[in-house]
Amino acid sequence: MSDYSMKDIEWAKINRDVLASLESPRKEFWIVLSVCIFLVLCGAAAEVYQYNEGLGTALMNKPHFWQLYISNFVFWIGMSHSGTLLSAILLLTHADWRKPIYRFAEAMTLFSILTAAIFPVIHLGRVWDMYWVLPYPNERGIWPNFRSPLLWDAAAITTYATSSILFLYVGMIPDLAICRDNAKGWRKKLYTALSIGWMGRASEWMAFRKTYVLLACFLVPLAVSVHSIVASDFAMSIMPDWHITSFPPYFVAGALYSGCAAIITLFVLLRYVFKFEDYMTTEIMDKTAKLTFAIAMVWNYLNLSEYASIWYSNDMFEKEVLLEKFFGPYHWVVWGMLLCALVAPFAMAFEKVRHNMWAMFWLSLVLQLGMWLERFQIVSPPLASNHEPWTWAVVWPGLIQLTITVASFGWFTMLFLIFCKVFPSVSMYEVKEMVFHRRKASSRTDMEDLDKVKDDMIKAEEGLS
Amino acid sequence: MKQDKVDDKLASDCTRRTFLKAMGLGSAGSALVLSGCGDTDIVNEVDIEVRKELVLPNVDPQDFVRPGVEMYYASTCRQCPAGCGVHTRIREGRALKLEGNPVSSVNKGSLCMMGQAGLQGHYNPDRLTKPMVRKGGKLVEVSWDEAEDTLIKVMGRKNSKLAWLNGATSGHHAALIGAYLDAVGSKNHFVFDTLPPAVGHAANEKMFSNAVPKLALDKAKLIVSFGADFLGTWMSPVQFAKQYADFRNAPRGTLVQIEPKMTLTGANADRWLPIRPGTEGHLALALASLLAQDAKYAGRVSSDVLASLKDVDIEAVAKATDISAERIHKLHHLLTSHAPSLVLSGSSAEGFEHGSQAANAILLLNVMLDNVGKTILPREEVDFPDLHPQLGGWAQLKSFVDGLNHGDFDTAVVFGTNPIYQAPDFMGADKAFAKAKTKVSFSMFPDETTMASDVVIPIHSPLEEWNTSMPAYAVEDGQLNLQQPVMNPVFGDDSTRAFGDVLLTLLQNIDAQFKRWDSYQTYVTDALLTMRPVLVNPPRATVPGQTPEEGFKQGILSTGFVQLKSKKSKPIVAKLEPVDLPTATGDDAKFPFHLVPSPRAGLWDGRHANLPWLQELPDQLTEVVWDSWVEMHPKTAESMGLITGDVVNVKSSSGSLTAKVVVFPGIHKNTIAIPLGQGHTEYGRYAKGIGVNPYKILNAKFDKQTGELATHATQVAITKVENRGDLVTFAHGDLVLESNTSTQAGREIVKTVTAEQFNREEKEV
Amino acid sequence: MALKRMLENWSDLRKRDYYEDEPYMWGMSIDLNKCTGCGSCVTACYAENNLPVVGKERCGSGHAMHWMRIERYWEEPEGETDIDIEQSDYPERGAHYTPMMCQQCNHAPCEPVCPVAATYHTPDGLNAQVYNRCVGSRYCGNNCPYKVRYFNFFDFSKDIPAPLEMQLNPDLSVRSKGVMEKCTFCVQRIRSAKDKAEDAGHRDYIEDGAVKTACQQTCPTEAIVFGNLKDDDSKVKTLWAEHEVELNRHEQEKVEDARGYRVLEELNVEPSVMYLDRVRDTEA
Amino acid sequence: MWQKSKMPWISKFGQVLLIALASLILPTGAWADDVSDAEQPFEFPHVRHASKFKINCMYCHTFARRSKVAGIPPVAKCIGCHDHLPSVRDTPRIKKLFSYWEQKKPIPWRKVHDMPDFVHFTHKRHIQRFIFKDGRPTQQVCGMCHGDVKTFTVGRKVRALTMGFCLSCHKQFQGDSDVGKPMPAERWMIPTAATDRPVMEVEHPQPAVLDPEHPKTMKVAEVSKLSERLPKSVRDHLVHAPHDCWQCHK
């Protein structure tokens, strides 16, 4: 397979293909969407019941004050990191293979945050007083507690959500303009409003580029800090096996890991559903898989080093939890996680697997399952064998929690499906850029003459759109 | 809102949330004192809620009524016969909390969990609030007028065939009941209370000429207790706990507890010895024979007793009791090295056909060790025998039931006890009770006996009525405890009535003499006023303008009790008889397990099963709540393939019941224990339908000397019914680990030092 | 402004002995030599503090609300015991009982993690829980090493049938669904004693014994002693001094036989409850 | 470019957002509860009692100085005077009063100042401090929270009685002993109580009867200097308003 397989695509075909994905959906779309909506409604019903009756219906108790809601929160926040990684980091590192896939990755980021943000809310005992967490001036003269990681969480997530929306939106403006030019009816109005008068002038491109890169620069450290803060929800406590210094990097690695896995899943799906084979090529999958593999190895290392450090610290409480994790009542969760997230990624070491779309699809699901289990085993087993042996108790999440968990997947998918039908899920202008670059590059025998390529690019860009 | 609506609402509000408070002292009941304003909110929600609620002023309050300010009234706890003094915290006419009365010699300011929960009996949602009469086979609520008419018809005439059964009682209730029975010409007075150790009392009476000699636990250096759970359910737990606290001070006394099932006292023992049930007397005898080898001890007993100690084979006893010979010798050494000591005999030693003899053997040790006069002290003599506590026992219940069966009684009156719930199935108490033509029950709650009665009289709670009582086991002889209404009746004046008032009205119908008193209150206060000359330091008027009577009444009510003068009695001279114990028999192959029906500090004999605080208070040993269970040793459970939570069938030759297993290390391997207190078929929402009552399957065995029920003599067989039921224990680890081995997992949560270290450290301090 | 002030005072706020000048510092001592594990204190706590009865099912699902609980262990902690463990099928040394309630830590792990500062430290050394500020994030419950925080997983107060609600103590709030609660050292009693002291004209001095917690008041063996640790003559302070226990455990110089210890002291949370070792006679 | 595209909905969205934000910031007490229109069984003329006859508030609200609650006067108290006032005996209100008395029924007044149940306010401490120790006029002290009652007929709620309202005073009355010392509650949170100025300017409660000529009326500025005039032992005990959440919420 050639590295330059995309060079022959007509630009008009790009527009046509991508815009086709926005057209009236097929029957299957509606089926999937209604299943998602049904799940969301189930979740909403569960939440209403829980809200009325009390959180006890979710079977959380003492000592299991936290359970699936928090694991899910960490899971979804983790998943949101992929978009940032692909867009921002790869943008800044000029990895051009990101171009056909970053748009949906960013959308995924956004929707993961929106999903994650639900969990702290339904987790609260008194949801109606949630705004007290925000530091707003009030007549009572009370501030929230700035030392609480939960407060940092609230701040970090709102910041991250806002920035992600902005990043997604800014990156979409030129495409929205294309849509505007091809749309009728309500879509026309929508795209007109959203594309804020984009004409594709050089000055606009200049401003656009600058904004986009700046946002990317802002987002990379933000993303790292967000998950470090989520990690500090655990690391700042004194619970054995939560109070671990390496949690922030471990969480960031885990987040990128599960995010990449999710990208692979959606990559394969979109490729087949919208017939994007021309853009989402095997080559790109290969690169994504390699990246995922690398991150998996970092995560593996951090995970194992955590076990090792607990072991040689010989701390009674920590060791107790570690042993309970492996041999206690939650052992199958831990072993399941190790199998799915620690062993399974080694499959990606083989090119055959990397180049087989459906193999990658199933593998990515396994990885995500592993990472979901990982979040569960971070939250529950340490609570089950805490400092105070009298309170040791094993609690499995109840029906309400499981329903809401499943509903969160429905919610995410629902948002994503709607997004795919309203907004172009592949970046048209960036793909054009990519095709252009490759076409240029392949037509040249002398690859070193980069200056000329650059000049050509600038010229070409001026005349784009 | 329209005015009339407000008034309507007020009427309902008045009954529910504003209360009359009749403190008495001169003008009780006459002044209408409504609760004040301000903190009248009863259920305080945390959330802000805009309400326009009523705030009701007092109409004509007494000077001391201050809304928002708490007051304490002295009274007496009636949750068990021990008779602890209490202070009731009152605000806005509501009793909020019971606390020990620091000047009462019984409890010296402390209270047990049952005392604390007295409030829940008082405010119990299942209290009877209307008199009921059986019409057409069903109990229907009737007006008080009708109920009184019926009562006078049934009880207000001479009737030698009237049988009266009441629970442990004392003071003026006892006196009034006596007067009533004299007036109707009935000699059929029975007293039945489940837990007072009647066999032990009889043995004491025989040996020390006093059923309840004073015990000085605090003076003993060593306590060897054969199943006397003095910290939990034995006679007067709070008082003994106080003494126990002194006993544990440096130099620290040593406690050895010998019993088949670990009680709360056993859990606090320095050495807990599991003994095969029914062999306690044999062990005591073996110890006595070892002591008798020393002339110092042998000299204290007569020769015929000594002769009976001659041929005791320690090895054989060791085999029979499952306590090694080495351990018996160690016990002997302990007894000889600590003086004074105290040897106690409790229900698990006495609940057999040879129970009296076992108690005899155990008490004999006290004589040999010369504890009499040191830790076992004589009672002083107090006049007014009518006021003395009547504790009764199973033998009297048996006579009551037999009498009913023979048709000796046409009217049965039950007050303060619940025989239909308590009596074992073999007695057929329910069928016998049904034979009486008319059954009358005075009760606060819809218990089993009450619901089987024809006339049900709802009575005041102890916090609503005037009364006096004497502690079942007093530390100061002659203490007469007082009760006063600490608040107006919870359900209003037309709902419940004081037992004393109802009985007094009946008496007035038969005996005009009693018309002198218009209420039980005047009866009691008059009696107290006349008792003034025989009281120790009767209070006098303190405030200028007070009459001496007012001063006296105020004084005694603020103290909560009066002290009767007593005469010093002669030292105890022990009367000994040779002990005659049957040889220990082997296990019954068909019914291999001994059944221990174990009382719980909390639910007591089942009378507190309707108090949710006590249902939710975990059992001290197994940590189980809201349930009945079968305690079983881990080894036994393992051999039978049972784990905690499994449902088993427990079968004796008289019946069977089903309960869940709790694997519990503190029990003899051949023994199972089922706690008392549950298995109510009536008794309100908190008690009904929970668990089982082990008394129901007891065999018809009685102590040969006293005729008391041999509560521990039943043997049972066990079969598994199904896996894991919904057993709830706070020892979560027990369920996780599937055995009862709660571990500290290396944490130093409870650390232990030796008594030697303790004494050394306390000395340094 | 507040931010500026906060930055200026940040190090001040983190100082030890911040409340050095306060006249009160409430502490407790529990003598396990005397505690019999009977549970009277538990019921007294229910009566005093409006604790809800949750019923069997909810006890089973871990929602019981006993602020004070009695823990019962069968085994000695390994290695650290002074008693030689004998091999026996029976627990011949009895049970290990300990009352466990909020230890009112002075370095309370629950306090910094509350996002809305519903739990904080009062000047008199109590670990306060302000119910009406609580939003129910339950982080404090997780971070409590003693697991003595109890969350209102249901609206328990709804289930109190009339007239049982007449027993509720008006001096403290009945907690609603979704808030955390825990032992308060009977703060309502402390406040009312302070109020009385102020009436008598000595705001800074409450007589020893004038405040009794409900559990202490009822304890049949008087195993629980409560009082002001800043009052050198108070019984609890004397006990702490006698048994060589200091709030800051690094200042402790324990002599060999001293019986005083605090549970999970090694976590440096500086609990205000001292326990005295359980004692068993090895001669018996 | 920009001016071309019309975005009316964005600005609408912005409006909604702004309103939502503003609603968070506004004093929540502003609409907390207003029961000034509570319908009472009959109209009690405070104006006559307090203004015309100058009866001290504490004559009727007798528990205020010794209890948490001020106390609605018992019916007997009303009758105690009105029995001797035949001149008004036949007015409808007094007739109604006597009808309650004759039936021995309490008058079902409606609560006007109803605090949330988690607020444990005590009248006693405030009355003891301001009336008995500072020697301020009773009506002025009571009026701080209850308004100028002597102009009312039935009691009305004239102050929001929100937490901010309480704090506005509790901030002022930091005495000598507190100066320079960060307030305790500041340890874990940063309430404005300890800051130089309140974050939101909440209207200070003006004493209801502020007669500037009255010798016992103190200016707000004087209040903070009050402590300087007192001996230190008294000062430490007097001028110290609690800043601990658990004083009022427990």
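In what follows, every chain begins at residue 1, and chains take the letters A, B, ... in the order their sequences are listed.
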Colleague: Pick one of side chain, backbone, both or neither for B/Asn124, based on which atoms fall under 4.5 Å of a heavy atom in chain C.
Modeller: backbone
Colleague: Sort C/Leu32 into side chain, backbone, both or neither according to what part of it lies under 4.5 angstrom from a heavy atom of chain B.
Modeller: side chain
Colleague: Does C/Lys235 NZ have over 12 foreign heavy atoms under 6.0 Å away?
Modeller: no
Colleague: Does C/Tyr261 use its side chain to pair, donor to acceptor, with the backbone of B/Lys751 at less than 3.5 Å?
Modeller: yes
Colleague: With only heavy atoms counted, which part of C/Cys134 is less than 4.5 Å from chain B, the side chain, the backbone, both or neither?
Modeller: neither
Colleague: Using a 4.5 Å cut-off on heavy atoms from C-beta on, say whether the side chain of C/Pro161 contacts that of B/Tyr686.
Modeller: yes
Colleague: Do B/Lys669 and C/Asp89 have side-chain heavy atoms sitting under 4.5 Å apart?
Modeller: yes
Colleague: Please check if the side chain of C/Arg280 supplies one atom and the backbone of B/Asp270 the other of a donor-acceptor pair under 3.5 Å.
Modeller: no
Colleague: Looking at side-chain heavy atoms only, is the closest gap between B/Glu623 and C/Glu71 below 4.5 Å?
Modeller: no
Colleague: Any side-chain heavy atom of C/Glu92 within less than 4.5 Å of one from B/Leu273?
Modeller: yes
Colleague: With side-chain hydrogen bond (donor to acceptor under 3.5 Å, both in side chains) as the test, would you mind laying out the steps for B/Glu99 and C/Thr218 before giving the verdict?
Modeller: CA-CA 7 Å; B/Glu99 295 184 349; C/Thr218 204; over 6 Å; no
Colleague: As an exercise: rank C/Gly37, C/Ala44, C/Gly39 by heavy-atom pairs under 4.5 Å with chain B and give me the winner.
Modeller: C/Ala44
Colleague: Given side chains that start at C-beta, do those of B/Tyr123 and C/Leu168 come closer than 4.5 Å, heavy atoms only?
Modeller: no
Colleague: Determine the interplanar angle of the B/His668 and C/Tyr90 rings, folded into 0 to 90°, and report it as parallel if under 30°, tilted if 30 to 60°, perpendicular if over 60°.
Modeller: parallel
Colleague: Any idea which of C/Pro91, C/Ala95, C/Gly60 has the most non-hydrogen atom pairs under 4.5 angstrom with chain B?
Modeller: C/Pro91
Colleague: Would you mind checking which part of C/Cys219 comes under 4.5 Å of any heavy atom in chain B, side chain (CB onward), backbone (N, CA, C, O), both or neither?
Modeller: backbone
Colleague: With only heavy atoms counted, which part of C/Leu276 is less than 4.5 Å from chain B, the side chain, the backbone, both or neither?
Modeller: neither
Colleague: Considering only heavy atoms from C-beta outward, does the side chain of B/Phe758 approach that of C/Arg259 to under 4.5 Å?
Modeller: yes
Colleague: Please classify the contact between B/Ile667 and chain C as side chain, backbone, both or neither, with a heavy-atom cut-off of under 4.5 Å.
Modeller: backbone
Colleague: If I measure from the heavy atoms of chain C, does B/Lys635 come under 4.5 Å with its side chain, its backbone, both, or neither?
Modeller: side chain
Colleague: Which pair of heavy atoms, one from C/Ala284 and one from B/Leu334, lies closest together, and at what distance?
Modeller: CA-CD1, 3.8 Å
Colleague: Counting only heavy atoms closer than 4.5 Å, note whether C/Glu222 contacts chain B via side chain, backbone, both or neither.
Modeller: side chain
Colleague: Looking at B/Leu264 and C/Tyr97, what are the two nearest heavy atoms and their distance?
Modeller: CD1-OH, 3.9 Å
Colleague: Kindly compute the distance separating OG1 (C/Thr221) from OH (B/Tyr244), expressed to the nearest 0.5 Å.
Modeller: 8.0 Å
Colleague: Going by the side chain to side chain donor-acceptor pair (under 3.5 Å) test, name the single residue among B/Lys97, B/Arg89, B/Arg91 that passes it with C/Asn169.
Modeller: B/Arg89
Colleague: May I ask you to decide if B/Gln744's main-chain N or O and C/His96's side chain share a donor-acceptor pair within less than 3.5 Å?
Modeller: no
Colleague: Could you measure the distance from the OG1 atom of B/Thr754 to the CG atom of C/Asp277? Nearest 0.5 Å is fine.
Modeller: 10.0 Å
Colleague: Side chain, backbone, both or neither: which part of B/Pro612 has an atom under 4.5 Å from a heavy atom of chain C?
Modeller: both
Colleague: Go through the atoms of B/Glu762 and report whether side chain, backbone, both or neither lie under 4.5 Å from a heavy atom of chain C.
Modeller: side chain
Colleague: Between B/Phe247 and chain C, which part of the residue has a heavy atom less than 4.5 Å away: side chain, backbone, both or neither?
Modeller: neither
Colleague: Any heavy-atom pair between the side chains of B/Gln620 and C/Ile70 that's under 4.5 Å?
Modeller: no
Colleague: Using a strict cut-off of less than 4.0 Å between a Lys/Arg side-chain nitrogen and an Asp/Glu carboxylate oxygen, indicate whether C/Asp281 and B/Arg248 qualify as a salt bridge.
Modeller: no
Colleague: On a heavy-atom basis, which atom in B/Phe730 and which in C/Cys59 lie closest, and how many Å separate them?
Modeller: CZ-SG, 3.8 Å
Colleague: Given a strict heavy-atom distance threshold of 4.5 Å, which part of C/Tyr73 is in contact with chain B: side chain, backbone, both, or neither?
Modeller: both
Colleague: Name the member of C/Ala214, C/Gly94, C/Ser192 that forms the most heavy-atom pairs with chain B at distances under 4.5 Å.
Modeller: C/Gly94
Colleague: Please look at B/Ala117 and chain C and tell me whether the side chain, the backbone, both or neither of the residue comes under 4.5 angstrom of a heavy atom of that chain.
Modeller: both
Colleague: Do C/Arg72 side-chain atoms and B/Leu621 backbone N/O form a donor-acceptor pair below 3.5 Å?
Modeller: yes
Colleague: Between B/Lys763 and C/Glu242, is the closest basic N to carboxylate O distance under 4.0 Å?
Modeller: no
Colleague: Would you confirm whether C/Gln167, through its side chain, and B/Leu96, through its main-chain N or O, come within 3.5 Å as a donor-acceptor pair?
Modeller: yes
Colleague: Would you confirm whether B/Glu616, through its side chain, and C/Gly55, through its main-chain N or O, come within 3.5 Å as a donor-acceptor pair?
Modeller: yes
Colleague: Give me each pair satisfying salt bridge (charged side-chain N to carboxylate O under 4.0 Å, His left out) with a member in residues 115-126 of chain B, each pair once, sequence neighbours excluded.
Modeller: B/Asp126-B/Arg685
Colleague: Looking only at heavy atoms, what is the nearest atom pair of C/Cys38 and B/Leu617, with distance?
Modeller: O-CD2, 4.3 Å
Colleague: Do you know which of C/Leu51, C/Leu164, C/Thr98 has the most heavy-atom pairs with chain B at a distance under 4.5 angstrom?
Modeller: C/Leu164
Colleague: By side chain to side chain contact (heavy atoms under 4.5 Å, CB included), which residues pair with C/Lys212, not counting sequence neighbours?
Modeller: C/Gln216, C/Gln217
Colleague: Less than 4.0 angstrom from a charged side-chain N to a carboxylate O is my criterion; do B/Arg252 and C/Glu283 meet it?
Modeller: no
Colleague: By a 4.5 Å heavy-atom criterion (distance strictly below it), what part of B/Glu70 contacts chain C: side chain, backbone, both, or neither?
Modeller: side chain
Colleague: Grab the two heavy atoms, one from C/Pro220 and one from B/Ala241, that are nearest each other, plus how far apart they are.
Modeller: CB-CB, 3.5 Å
Colleague: Where on B/Leu111 is there a heavy atom nearer than 4.5 Å to chain C: the side chain, the backbone, both, or neither?
Modeller: both
Colleague: Could you pull out the closest heavy-atom pair between C/Ser40 and B/Gln116, with the gap in Å?
Modeller: O-CG, 4.3 Å
